[in-house]
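First up is the structure itself, then whatever we jot down about it.
A, B, ... follow the sequence lines: proteins, then strands. Residue 1 opens every chain.
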Protein chains: 2
Amino acid sequence: MTGIVQTKRLLSYRMALLRLKKMGLKKAYSHTLSEETGVSAVLIRKDFSQCGIRGKRRGGYDVDYLLDELKKLFGREKEQNVVLVGLGNIGSALIKYEGYRQSNMNLVAAFDIDPAKRTRRYSVPVYSLENLREVADAFDVSVAILAVPEFSAQETAHYMVENGIRGILNFAPVLLKLPGHVLVNNINIMVEMERLMYHIGIREK
Amino acid sequence: MTGIVQTKRLLSYRMALLRLKKMGLKKAYSHTLSEETGVSAVLIRKDFSQCGIRGKRRGGYDVDYLLDELKKLFGREKEQNVVLVGLGNIGSALIKYEGYRQSNMNLVAAFDIDPAKRTRRYSVPVYSLENLREVADAFDVSVAILAVPEFSAQETAHYMVENGIRGILNFAPVLLKLPGHVLVNNINIMVEMERLMYHIGIREK
DNA sequence: TAATAAATGTGAAATTTGTAACAATAAAAT
DNA sequence: ATTTTATTGTTACAAATTTCACATTTATTA
Ligand SMILES: NC(=O)c1ccc[n+]([C@@H]2O[C@H](COP(=O)([O-])OP(=O)(O)OC[C@H]3O[C@@H](n4cnc5c(N)ncnc54)[C@H](O)[C@@H]3O)[C@@H](O)[C@H]2O)c1
Ligand SMILES: NC(=O)c1ccc[n+]([C@@H]2O[C@H](COP(=O)([O-])OP(=O)(O)OC[C@H]3O[C@@H](n4cnc5c(N)ncnc54)[C@H](O)[C@@H]3O)[C@@H](O)[C@H]2O)c1
C-alpha cells in the first residue's frame, strides 16, 4: 500500500463493493466505483495499482477478488471486540446499531457513570467504568467509542487508556490529550454541519 | 480567505476559542491553539494570516478579536434553520442535542415516515415528509440532516431536494446522486471506526 | 536603556495529493 | 481476421498543502 495515506478511500471502495455484490454484480469497473464513491476513476485505479490490486484491461475488476484483496489489507483475522463509553443520546444510538458485524467487529459492552443507564434493555451489558479493565481483558478489547459529555471526555479517555484502551473513536468536540501510543479518531458533527452551511452560503453570492 | 480549502480547520479553531473564552482566557497563542486542535502552530498562523487575521508579535492573538473575525467568515447573520429527516437511532440522538445554538443554527422540525415516531415527546415537532415543503418555506430551511436507512436514503434525499433542500448532512453510508447545485457532507461512522482499527493494527507489527 | 526572549509573519522548499495524457491490452464488432 | 472500442495501468505533470528557516516585532528583564 505504498504511498497511500487515504485509508478512508479504500474503505469506501470496500463499502461500495459490498453493496454491489449484494446487488448481484460480479464485475466492477473503475467508473462504476467512481459513481458509487464519488472518487475519480483514475484515482481509484491508481489506488488499486499502488496496493498491488490488478484488474483486467477492458475486463474491469472481479468483485470477489477486490473484496478479498481489501480484506487482506484491512481484514482483521479474528473479529475485533469494541466497547462503548457513554450511553446518552449518541451512545444509545450506537449501542442499537446493527452494522458492526459487516466490518468484522463486535460491540461487547457499554459503560456509563449513571447507574440508571445500566439496564438490561440492550443486547449488550452496561457496566460501571470500574469494570472496564475486567471486560477489556476478558474480551481482548483495545478500541472504544467515546460518547460522554465534553467536560468529562478528557478524564474519561485518560482512565480508559490506563485500562487497556489504545484506540478511541471520539464524539466529544475536544482534542484528547493522551500518550503517544494511543490513536484517536474524532467525529465532530457540528463542525461538519457548519462546513456544509458555509459552503452553501458561498454559492448564494 | 485566499487559498484555504480547509474550512474544517478554521471551524475547529473557532470551537477551541469558544472553550478557551469560557475558561476566561483573553489571549491565545498559536501554540495554545495548536494544543487544543492538534494543528501545527505554524499552520495556524498561516491560516490566520491568509484570512487577513493578524496577531501581535510576541503578544499573541486577542480571543474576542479572533472570534469576531471568524464570525465574519462563517457567521451567518441570521440564525440558520435546519430540519432532521429520520427519527431512528441516530435521529433521536440529534433531535435531543443541545449544541446547535452555539453554531447559530436552530433545529425547527423533524420528519419521519413512521407515524409512531411523530409524537410530541420532543422539543420540536415531528411531521410526515409531505409537510416538508410547507415547513421549509415557513422557516426558510435549506439545510437538512438525513438519518434514514441506507436503502431509502437516495429516494428520500431526492424528495428533499425537490422540496427546497440544498444542503444535506448525510449519515447513510451511500453516495447520494443529486443535482449539481446540492451540497452533501457525508458522515460515515463505520468507515471512521475501521480506519481507527486499521491504524492500530499497523502499529502492532 | 540595552539585551534578551518569545511571539508572529512569510517566502521558499518539501511533501503530498490528484489529474491528464496516453500506452497497453482485451473484448466486441465488423 | 481486422478493426474498433472500452478499459486498465503508468508516467509525467500540476496543484495543494504543509513544513522550514528565518526575518520582524514586541514584551520583559537586567
Ligand atoms: N447528541 C448529539 O447529537 C451530539 C451531536 C454532536 C456532538 N455530540 C457530542 O457527543 C457527546 C455525547 O453527546 P450526548 O448528547 O450523547 O450526551 P449525553 O449527555 O446525552 O450523554 C452522555 C452520557 O455519558 C455518561 N457519562 C458522563 N460522564 C461519564 C463518565 N465519566 N464515564 C462514563 N459515562 C459518563 C452520562 O451518564 C450520559 O449517559 C458529547 O460530547 C457531545 O458534545 C453529541
Ligand atoms: N445508529 C447508528 O449508530 C449508526 C451508525 C452508523 C451509520 N448509521 C446510519 O445512519 C442511518 C440511520 O441509522 P439508524 O440506526 O438511526 O436507523 P433506524 O432504522 O433506527 O432509523 C431510521 C428512521 O428513518 C425512518 N425512515 C425510513 N424511511 C424514511 C423515509 N423515506 N422518510 C422519512 N423517514 C424514514 C424510519 O421510520 C426510522 O425512524 C442509516 O443509514 C445507518 O446506516 C447509523
Side-chain angles (χ1 to χ4, degrees), chain A residues 1-13 16-17 20 25-70 73 175 186 191 195 198-199 202, chain B residues 1-13 16-17 20 25-70 73 175 186 191 195 198-199 202:
Chain A
M1 197 151 59
T2 337
I4 297 190
V5 190
Q6 291 290 20
T7 338
K8 209 169 184 171
R9 227 160 44 211
L10 289 166
L11 286 166
S12 79
Y13 304 156
L17 285 163
L20 294 175
L25 289 195
K26 299 262 179 282
K27 285 283 168 65
Y29 304 103
S30 57
H31 66 85
T32 324
L33 280 172
S34 177
E35 275 191 9
E36 291 297 311
T37 60
V39 179
S40 79
V42 197
L43 188 46
I44 291 176
R45 293 202 296 278
K46 191 165 198 177
D47 282 347
F48 284 157
S49 169
Q50 283 182 324
C51 295
I53 297 175
R54 318 307 303 259
K56 254 193 190 162
R57 293 186 188 215
R58 167 122 202 199
Y61 300 89
D62 182 87
V63 171
D64 283 327
Y65 163 75
L66 275 183
L67 283 169
D68 273 2
E69 291 298 309
L70 289 172
L73 290 173
L175 188 79
N186 297 295
V191 163
R195 224 153 64 93
Y198 173 69
H199 287 292
I202 276 182
Chain B
M1 196 155 61
T2 335
I4 295 189
V5 189
Q6 292 290 21
T7 339
K8 209 170 184 167
R9 228 161 41 215
L10 290 168
L11 286 166
S12 80
Y13 304 156
L17 284 163
L20 294 175
L25 289 195
K26 300 262 180 283
K27 284 282 166 70
Y29 303 102
S30 56
H31 65 84
T32 324
L33 280 172
S34 176
E35 274 191 8
E36 292 296 312
T37 60
V39 179
S40 80
V42 195
L43 189 45
I44 291 176
R45 294 201 296 277
K46 192 154 217 179
D47 281 348
F48 284 158
S49 168
Q50 283 182 325
C51 296
I53 296 176
R54 318 305 304 259
K56 254 194 191 161
R57 294 184 187 217
R58 168 125 198 195
Y61 300 88
D62 182 85
V63 171
D64 284 326
Y65 163 73
L66 276 182
L67 283 169
D68 273 2
E69 291 297 311
L70 289 173
L73 291 172
L175 188 79
N186 296 294
V191 162
R195 224 152 65 94
Y198 172 69
H199 287 292
I202 276 183

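One can place CG of L43(A) at 17 Å from P of dA15(D), the figure rounded to the nearest angstrom. Atom-to-atom, CG of D47(B) to P of dA16(D) comes out at 16 Å; the value is rounded to the nearest Å. The nearest whole Å value for the distance from the CZ atom in F48(B) to the P atom in dT8(C) is 10 Å. Distance, I53(B) CD1 to dT10(C) P: 13 Å, rounded to whole Å. Spacing between atom NZ of K27(A) and atom C1' of dT8(D) amounts to 13 Å, rounded to whole angstrom units. For Q50(B) and dT18(D), the CD to P distance is 10 Å, given to the nearest whole Å. K56(B) places its NZ atom 10 Å from the C1' atom of dA27(D), with the value rounded to the nearest Å. At whole-Å resolution of the value, OH in Y61(A) and P in dA6(D) are 18 Å apart.
For the pair R9(B) and dT18(D), the criterion of a side-chain N or O lying under 4.0 Å from OP1 or OP2 is met. Between R45(B) and dT8(C), a side-chain N or O to OP1/OP2 separation shorter than 4.0 Å is present. For R58(B) and dT8(C), the shortest distance from a side-chain N or O to OP1 or OP2 is not below 4.0 Å. Neither OP1 nor OP2 of dG9(C) sits under 4.0 Å from any side-chain N or O of S49(B). In this model, the phosphate group of dG9(C) is approached by a side-chain N or O of R54(B) to a distance below 4.0 Å at OP1 or OP2.
For the residue pair S34(A) and A41(A), the shortest heavy atom distance occurs at OG-N, 3.7 Å. Heavy-atom minimum distance, I53(B) versus Y61(B): O-CE2, 4.4 Å. Shown here for I44(B) and S30(B), the closest heavy-atom pair between the two residues is CD1-O, 3.7 Å. The minimum heavy-atom distance between E35(A) and L175(B), with the atom names listed, is O-CD2, 3.1 Å. Looking at every heavy atom in both residues, Y198(B) comes nearest to L73(A) through CE1-O, 3.3 Å.
In the interface, the side chain of R57(B) is paired with the base of dT24(D) through a donor and an acceptor atom under 3.5 Å apart. Interface remark: the K46(A) side chain does not form any donor-acceptor pair with the dT10(D) base, using a distance-only criterion of under 3.5 Å.
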Inset, instruction - Begin with the C-alpha distance, continue with both residues' side-chain angles, and end with the deciding distance and a verdict on side chain to side chain contact (heavy atoms under 4.5 Å, CB included) for L33(A) and L17(A). - result: CA-CA 8 Å; L33(A) 280 172; L17(A) 285 163; 4.0 Å; yes
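Taken residue by residue, residues 29-36 of chain A places heavy atoms nearer than 4.0 Å to DNA chain D at Y29(A), S30(A), H31(A).
Looking at residues two or more places apart in sequence or on another chain, you find a side-chain contact (heavy atoms from CB on, under 4.5 Å) between D62(A) and K27(A), D64(A), Y65(A).
Using a 4.0 Å heavy-atom distance criterion, G59(B) is classed as making no nucleic acid contact.
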